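To start, the structure under review is shown below, and the notes come after it.
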Amino acid sequence: MHVYRDGKLIVKWDVENQKPMKGAVTSRILALISELEAEGLL
């Protein structure tokens with residue numbers, strides 16, 4: 001999964017291994033990813 005802000009890549013997230021592949025993950029991004037997983041969207 002790729003996370004962008006204003007067209008700029010913030011983090012490339014490895015969904016299977018639950019870790020960033022590129023970029024930096026913030027606590028806000030982690031919370032959003034957790035929410036998406038809980039809703040079954042990831």
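One-based numbering along the sequence shown. The structure displayed is predicted, hence computed values, not measured ones.
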Tell me, do Trp13 and His2 make a side-chain contact under 4.5 Å, heavy atoms counted? no
CG on Leu42 to CD on Glu37, rounded to 0.5 Å: 5.5 Å
Under 4.5 Å between side-chain heavy atoms, counting indirect links through other Ile/Leu/Val/Met/Phe/Trp/Tyr residues: same cluster for Leu41 and Leu30 or not? yes
So, does Asp14 use its side chain to make a donor-acceptor pair with the main chain of Glu16 at under 3.5 Å? yes
If you look at every heavy atom in Val11 and Pro20, which pair is closest and at what distance? CG2-CB, 3.7 Å
For residues Leu9 and Val3, determine if any side-chain heavy atom of one lies less than 4.5 Å from a side-chain heavy atom of the other. no
What's the spacing between Leu36 CG and Ile33 CD1 if we round to 0.5 Å? 7.5 Å
Closest approach of Ile29 and Ala24, non-hydrogen atoms and distance? CD1-O, 4.4 Å
Following the transitive rule for hydrophobic clusters with a side-chain heavy-atom cut-off under 4.5 Å over Ile, Leu, Val, Met, Phe, Trp and Tyr, establish whether Met1 and Leu32 coincide in one cluster. no
